[in-house]
A.B. asks: 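I have a structure here, written as structure tokens, and I will follow up with some questions on it.
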There are 2 protein chains.
Amino acid sequence: MKHIAESTVRRLSLYLRFLEDYRRQGLETISSGDLASLGGTTSAQVRKDLSFFGSFGTRGLGYSVSALSKRIREILGLEREWRVIIVGAGKIGAALAQYEGFGYRGFKIVGVYDVDQARIGQSLDGVIVKDQQELDGDLKSLKADIVLIAVPPEAAQPLVDRVTKAGIRGVLNFAPAPLHAPAGVTLRSVDMALELEILSYALAAKA
Amino acid sequence: MKHIAESTVRRLSLYLRFLEDYRRQGLETISSGDLASLGGTTSAQVRKDLSFFGSFGTRGLGYSVSALSKRIREILGLEREWRVIIVGAGKIGAALAQYEGFGYRGFKIVGVYDVDQARIGQSLDGVIVKDQQELDGDLKSLKADIVLIAVPPEAAQPLVDRVTKAGIRGVLNFAPAPLHAPAGVTLRSVDMALELEILSYALAAKA
DNA sequence: CTCTGTGAACATCTTCACAGCT
DNA sequence: AGCTGTGAAGATGTTCACAGAG
């Protein structure tokens with residue numbers, strides 16, 4: 001398969017949400033124009049995005065809501081369950097552990113770890129915070145696929161090294177630090193301070 | 001000023017962090033190559049990014065750490081204080097209110113609001129959660145610049161409409177909903193579920 | 001000789017416009 | 001007639017490669 005742009009994948013993920021809204025409303029077909037106006041893009045963009053993966057629509061009619069949902073879920077790898085471990089049970093880690101947005105789409109939190117004795121043993125939405133010393137063993141025994149990093153920035157890179165050594169191939173980082181992972185590992189970062197600074201730029205630039 | 005790509009602004013923000021690391025280490029100059037290797041980019045990219053805003057370097061030597069820091073802070077609008085209001089004191093809102101990453105760079109949280117009586121009155125890192133009914137008045141009296149949205153998805157768009165009507169021009173949304181804002185308002189979204197889905201795609205695609 | 005600053009070449013992503021099904 | 005699917009054109013972002021300052 002040809003390489004797909006991240007922007008395309010992001011939009012696919014959005015389309016899936018709109019499709020689920022449509023299904024909830026009992027609608028059976030949707031056009032590229034409908035998807036476009038919901039997502040703030042153009043109908044050509046929607047058709048182009050989908051065309052990378054095949055031809056799912058019917059000319060003159062549009063797309064079947066259920067068939068397209070299914071197909072996008074397959075493309076995104078959401079038809080399977082992903083087992084997620086969170087490292088760091090501070091404010092962000094705790095918020096992530098209890099975030100409803102994850103569970104409903106096949107992301108299952110199977111463990112939360114911290115180094116702070118005060119946090120170990122706490123229950124976060126049914127998952128008990130465990131001692132980080134148990135992490136290496138648990139990554140394997142719990143069959144974790146993805147690690148969410150919610151530790152202080154200086155602890156983040158060593159943690160990436162550690163979990164990738166244990167075989168983890170997907171990491172989502174929330175620490176404000178630029179991290180590096182070996183080839184074959186997908187590492188993404190969500191940096192809230194950075195987002196605020198980009199907003200600051202936009203506000204300052206138009207003032 | 002010509003339009004600057006978001007990717008450029010994002011990198012500038014990263015460069016600023018590296019510059020601060022360098023300053024902490026007492027180093028006085030830095031080359032585009034140094035900045036590039038820290039940020040996982042190329043020296044040409046660094047120079048191009050900076051060139052949009054002027055010529056700050058010395059050929060044969062590099063950039064003055066302190067002068068470049070100062071200049072990037074000006075560009076990003078970080079030499080001033082931004083007054084931030086958080087709406088929604090659930091898990092995410094509370095984590096944001098207590099996130100240290102914001103304060104140190106001129107983002108001051110001046111208020112947190114919720115509709116839930118059980119949360120109103122709670123103290124989050126020194127800020128008392130107030131009743132959301134007071135939001136409209138406080139946006140003006142507290143001179144808020146930026147609103148962070150941490151409410152359930154269905155409440156997000158009405159909230160955007162409300163705060164933009166009150167004069168807010170910068171919104172950072174954490175609810176998993178695609179929002180629209182009037183022209184002149186900068187709205188950015190951080191969507192954690194979306195990030196996990198993009199990760200899922202990457203893992204599924206290489207499997 | 002080193003490292004910046006930048007036009008030009010290149011690569012990537014988006015939009016256009018229309019042929020082709022239904 | 002309506003809407004998809006897709007090459008081609010256009011716009012945007014990145015890398016190259018070198019002139020020029022120190």
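Here is how names work: the chains are called A, B, and so on, in the same order as the sequence lines, proteins then strands, and each is numbered from 1.
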A.B. asks: Report the C-alpha distance between A:Ile85 and A:Ile146 in whole Å, list the side-chain angles of each, state the deciding distance to 0.1 Å, and finish with yes or no for side-chain contact (heavy atoms from CB on, under 4.5 Å).
C.D. replies: CA-CA 6 Å; A:Ile85 275 182; A:Ile146 293 172; over 6 Å; no
A.B. asks: Can you work out whether B:Thr58 or B:Glu6 has the more 5'-proximal nearest nucleotide on DNA chain D?
C.D. replies: B:Glu6
A.B. asks: Given atom CZ of B:Arg59 and atom C1' of C:dC1, what is their separation to the nearest angstrom?
C.D. replies: 15 Å
A.B. asks: Is any side-chain N or O of B:Tyr63 closer than 4.0 Å to OP1 or OP2 of C:dT2?
C.D. replies: no
A.B. asks: What residues form a side chain to side chain donor-acceptor pair (under 3.5 Å) with A:Lys130, not counting sequence neighbours?
C.D. replies: A:Asp138
A.B. asks: Taking the basic N atoms (NZ, or NE/NH1/NH2) and the acidic carboxylate oxygens, is any pair closer than 4.0 Å for B:Lys91 and A:Asp125?
C.D. replies: no
A.B. asks: Take the protein atom NE2 of A:His3 and the nucleotide atom P of C:dT12, then report the distance between them rounded to whole Å.
C.D. replies: 9 Å
A.B. asks: Run the salt-bridge test on A:Arg83 and A:Asp145 with the 4.0 Å N-O cut-off and return the result as yes or no.
C.D. replies: no
A.B. asks: Could you identify which residues of residues 20-54 of chain B place a heavy atom less than 4.0 Å from some atom of DNA chain C, listed by residue number, or say none?
C.D. replies: B:Ser31, B:Ser32, B:Arg47, B:Lys48, B:Ser51
A.B. asks: Can you list the residues that meet the salt bridge (Lys or Arg N to Asp or Glu O under 4.0 Å) rule with A:Lys70, with sequence neighbours excluded?
C.D. replies: A:Glu74
A.B. asks: Give the first and the last nucleotide of DNA chain D, reading 5' to 3', that has any atom under 4.0 Å from a heavy atom of chain B.
C.D. replies: D:dG13 to D:dG22
A.B. asks: Less than 4.0 angstrom from a charged side-chain N to a carboxylate O is my criterion; do A:Glu79 and A:Arg105 meet it?
C.D. replies: no
A.B. asks: Not counting sequence neighbours, list each pair that qualifies as a side chain to side chain donor-acceptor pair (under 3.5 Å) and has a residue in residues 182-196 of chain A.
C.D. replies: A:Glu6-A:Arg188, A:Asn173-A:Ser189, A:Thr186-B:Lys206, A:Arg188-B:Glu195, A:Asp191-B:Arg17, A:Glu195-B:Arg10, A:Glu195-B:Arg188
A.B. asks: Using the salt bridge (Lys or Arg N to Asp or Glu O under 4.0 Å) criterion, which residues pair with B:Arg47? Sequence neighbours excluded.
C.D. replies: none
